[in-house]
Amino acid sequence: MKLQNYINGALLAPTSGKYLDNFEPATGKVYSYCPDSDERDVQLAVEAAKAAFESWRNTDLEERMMILMRMADGIEKRMDEFVTAESRDNGKPLKLARAVDIPRAVSNFRFYASAIQHFASESHQMPGVAINYTLRQPVGIAGCISPWNLPLYLFTWKIAPALATGNCVVAKPSEVTPYTAYLLSEVCIAAGLPKGVLNIVHGLGSKVGQAIVEHSDIKVISFTGGTETGKRIAATAAPMFKKISLELGGKNPTLVFADCDFEATVKQVVTASFSNQGEICLCGSRIFVERSIYEKFRDAFVARVLQLKVGDPNEETSNLGAIVSAPHQQKILSYIQLAQEEGGKILCGGKEVKLEGRCNEGYFIQPTVIEGLDFLCRTQQEEIFGPVTTLTPFETEEEALTMANSVKYGLAASVWTNDLKRAHCIAEKLEVGIVWINCWLLRDLRTPFGGVKSSGVGREGGWEALRFFTEPKNVCIKQ
Ligand code: TXE
């Protein structure tokens with residue numbers, strides 16, 4: 001199967017005529033081909049977006065809402081196909097794609113379709129003198145670049161608010177997981193999205209991504225991916241004065257206090273560590289446990305991790321599927337090796353998994369728990385982005401906070417305690433953009449989403465995204 005770009009309402013082959021191999025991580029085999037597009041395809045997409053912009057920005061809000069709703073319905077109608085494609089492309093368990101990824105993509109469109117009906121701008125009165133009102137106008141052409149870990153989920157999280165606010169979009173999914181973005185282009189056509197409003201250009205980050213970021217007609221960039229890529233994007237976009245939102249990596253702390261609900265905490269911290277093979281920027285990859293319950297927690301945690309089954313993503317019993325790619329699998333294994341060199345003790349996991357049958361050449365890794373590492377060592381400081389987590393005891397709240405805040409990242413944290421006063425205090429002091437107390441990944445789409453420090457700049461979600469994709473203009477009228 002050769003995937004195609006979606007430009008100016010049509011499905012097109014890349015100008016180069018070349019394709020990239022698209023691997024199924026569970027089998028290690030090529031199963032489709034992703035367009036190897038370049039700046040010429042981006043140029044076509046930008047021209048299509050420019051031509052569509054005046055009409056789309058002036059489209060009645062209700063009409064815009066209806067089109068986005070139809071896109072949501074279109075995904076929902078083909079749920080099984082999307083679920084299968086997402087699991088096959090990324091390696092995640094089918095049941096996870098069915099429970100989380102694809103329903104969330106549907107929700108993203110519905111959420112922003114309805115949000116735009118309620119979005120309002122401010123007015124500021126100067127009593128007896130003047131009234132100011134703020135116009136919120138679409139920025140123009142938005143570039144949306146997304147990663148491979150939650151492919152359609154994150155792709156639509158950017159596209160939906162950009163379109164809802166009247167922008168036209170040039171979007172690039174990860175070349176590692178392009179399939180559901182291709183299916184989305186079919187849905188757009190069926191939903192009657194006017195041509196040129198959304199253009200999807202597949203290909204490498206260094207070619208297509210870079211061309212999007214460099215293009216002078218693309219005024220706003222929303223990116224989710226690695227911190228190094230984010231730096232590069234910022235360096236290109238800043239001198240061009242583009243608006244940018246960067247959702248980058250994380251090395252999220254999980255703080256477990258002795259007064260937590262023990263059983264529920266163990267269970268949820270396992271989920272927070274290993275969901276999606278640990279390939280979620282929000283996963284808790286450093287667990288700090290109050291000394292008085294450290295051994296008890298460690299033993300219960302490891303016992304639970306040992307129950308997790310790594311297996312064929314198609315099997316309902318698999319808790320962890322395949323790692324997204326061979327290079328990423330090697331990267332994770334090299335960190336496990338490093339952890340041992342740094343003095344870490346592997347409590348469980350630590351090895352590649354070799355499955356029988358269909359998946360015998362897939363990229364699998366056991367869920368891995370490591371203890372005995374200094375909180376400043378590389379394993380505890382660098383983003384691994386896989387099924388690997390560390391356990392470290394702490395004595396006091398201050399010590400827990402020092403360790404939690406010691407990394408360059410600042411995306412998310414979770415705190416497990418029944419002391420409400422402490423929870424509030426810690427939430428205030430954690431250097432992150434998102435804090436979950438006694439829960440993890442509980443998402444309300446209205447809330448601001450994003451990180452601080454090397455985890456990025458800007459916020460998405462709710463009004464934040466609608467503000468990001470619009471340019472405020474103040475109009476002052478003298479009375
Ligand atoms: O991401 P990249 P990679 C982290 C994780 C992982 C590391 C690298 O630690 O090991 O990042 O992963 C496009 N201009 N996260 O290499 O390269 C690319 O094509 C414009 C965390 O896969 O950042 C893809 O569409 N775009 C993360 C997207 O950027 C460029 C999720 C992300 O790819 C580009 C994924 C360029 N110069 C990885 N170079 C999270 N925060 O959720 C690449 N791209």
Side-chain angles (χ1 to χ4, degrees), residues 20 22-23 25 34-39 42 89-92 101 143-155 157-159 170-178 180-181 200-215 218 221-237 240 242 244-252 275-283 285 323-335 365 378 381-388 407-412 433-434 441 449-451 453-458 460:
L20 305 162
N22 187 26
F23 289 85
C34 169
D36 183 8
S37 315
D38 57 34
E39 72 286 350
V42 171
D89 230 12
N90 169 276
K92 67 180 71 209
D101 292 76
C144 297
I145 302 174
S146 59
W148 45 257
N149 58 330
L150 301 167
L152 193 68
Y153 175 132
L154 290 174
F155 197 54
W157 179 235
K158 298 175 180 307
I159 290 171
V170 177
K172 191 195 96 63
S174 170
E175 63 276 25
V176 183
T177 52
T180 48
I200 300 176
V201 186
H202 292 272
L204 297 171
S206 54
K207 286 194 204 168
V208 177
Q210 191 68 23
I212 289 174
V213 178
E214 283 174 2
H215 203 294
I218 298 181
I221 303 284
S222 170
F223 168 81
T224 300
T227 294
E228 285 310 310
T229 317
K231 261 190 211 166
R232 210 187 154 124
I233 289 176
T236 309
M240 299 174 85
K242 296 192 181 199
I244 51 173
S245 164
L246 305 174
E247 303 294 335
L248 311 176
K251 187 77 177 172
N252 309 304
S275 280
N276 206 45
Q277 300 75 242
E279 296 166 334
I280 305 182
C281 51
L282 305 164
C283 277
S285 50
I323 301 298
V324 75
S325 66
H328 195 55
Q329 184 198 31
Q330 288 313 311
K331 175 185 157 182
I332 297 166
L333 290 170
S334 76
Y335 269 103
I365 296 184
R378 281 184 57 205
Q381 292 286 313
E382 297 176 14
E383 188 186 40
I384 301 174
F385 218 62
V388 180
V407 291
K408 69 172 182 175
Y409 296 105
L411 189 53
I434 304 155
L441 203 47
F449 180 90
K453 306 199 301 197
S454 294
S455 291
V457 289
E460 299 187 341

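Atoms within each ligand, like the ligands themselves, are counted from 1 in listed order. Note: hydrogens, waters and symmetry copies are ignored here, and every other heavy atom, side chains too, is used. Since this is a predicted model, take the numbers as computed values, not measurements.
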Counting N and O atoms only, with roles assigned by atom type, does the side chain of His202 sit under 3.5 Å from a partner on the main chain of Ala181, one being a donor and the other an acceptor? no

Mark up the atoms of ligand 1 that fall under 4.0 Å of a heavy atom belonging to His328, in ascending order. 10 (O)

Non-hydrogen side-chain atoms of Lys408 and Gln381 separated by less than 4.5 Å: no

Counting only heavy atoms not in Lys231, do more than 12 fall under 6.0 Å of its NZ? no

Less than 3.5 Å between some nitrogen or oxygen of Thr224 and one of ligand 1, yes or no? no

Please check this pair: side chain of Lys453 against backbone of Val407, looking for a donor-acceptor N/O pair closer than 3.5 Å. yes

How far is atom 18 (C) of ligand 1 from its nearest protein heavy atom, and which residue and atom is that? Glu175 OE1, 3.7 Å

So which of Phe155, Phe385, Phe223 gets nearest to atom 21 (C) of ligand 1, if we judge by its closest heavy atom? Phe385

Looking at atom 44 (N) of ligand 1, what's its closest protein heavy atom, distance included? Gly205 CA, 3.3 Å

Within a distance under 4.0 Å of any heavy atom of Ile145, pick out the atoms of ligand 1 and give their elements. 13 (C), 20 (C), 25 (O), 26 (N), 28 (C), 29 (O)

Hey, looking at atom 26 (N) of ligand 1, which of Gly143, Ala171, Gly209 has the closest heavy atom? Gly209

Can you find an N or O of Leu248 that's nearer than 3.5 Å to an N or O of ligand 1? yes

Ser245 side chain to Glu460 side chain, donor-acceptor N/O pair below 3.5 angstrom: yes

Distance from atom 5 (C) of ligand 1 to nearest protein heavy atom, with residue and atom: Glu383 OE1, 3.3 Å

Answer yes if a protein heavy atom lies under 4.0 Å from atom 8 (C) of ligand 1, otherwise answer no. no

About how many Å separate NZ of Lys251 and SG of Cys281, when rounded to the nearest 0.5 Å? 13.5 Å

For ligand 1, which atoms, with element, lie under 4.0 Å from some heavy atom of Ser146? 24 (C), 25 (O), 28 (C)

Carefully, step by step, assess Phe155 and Ile200 under the rule side chain to side chain contact (heavy atoms under 4.5 Å, CB included). CA-CA 10 Å; Phe155 197 54; Ile200 300 176; 3.9 Å; yes

With no hydrogens and no angle check, is any side-chain donor or acceptor of Lys172 less than 3.5 Å from a backbone partner on Gly203? yes

When you measure from atom 31 (C) of ligand 1 to every protein heavy atom, which one gives the shortest distance, and what is it? Pro147 CB, 3.4 Å

Atoms in ligand 1 with a heavy atom of Thr229 nearer than 4.0 Å: 2 (P), 17 (O), 23 (O), 30 (C), 34 (C), 36 (C), 39 (N), 43 (C), 44 (N)

Residue Arg232 vicinity, atoms of ligand 1 by number, heavy atom under 4.0 Å: 37 (N)

Asn149: which of Val176, Thr177, Leu154, Thr224 passes side-chain contact (heavy atoms from CB on, under 4.5 Å): Leu154

For atom 11 (O) of ligand 1, grab the closest protein heavy atom and report residue, atom and distance to one decimal in Å. Gly226 CA, 3.1 Å

Can you tell if the side chain of Ile365 reaches within under 4.5 Å of the side chain of Val388, non-hydrogen atoms only? no

Of Glu383, Glu382, Gln330, the residue whose pairing with Tyr335 passes side-chain hydrogen bond (donor to acceptor under 3.5 Å, both in side chains): Glu382

When you compare ligand 1 with Trp148, is there at least one nitrogen or oxygen pair between them that comes in under 3.5 angstrom? yes

Is Asp101 reaching over with its side chain to a backbone N or O of Leu150, donor-acceptor style, under 3.5 angstrom? no

Pick, from Gln210, Lys207, Glu214, the option with the minimum heavy-atom distance to atom 14 (N) of ligand 1. Gln210

Minimum-distance protein heavy atom relative to atom 6 (C) of ligand 1: Lys331 NZ, 3.7 Å

Considering only the protein, which heavy-atom contact is closest to atom 40 (C) of ligand 1, and what is its distance? Cys281 CB, 3.6 Å

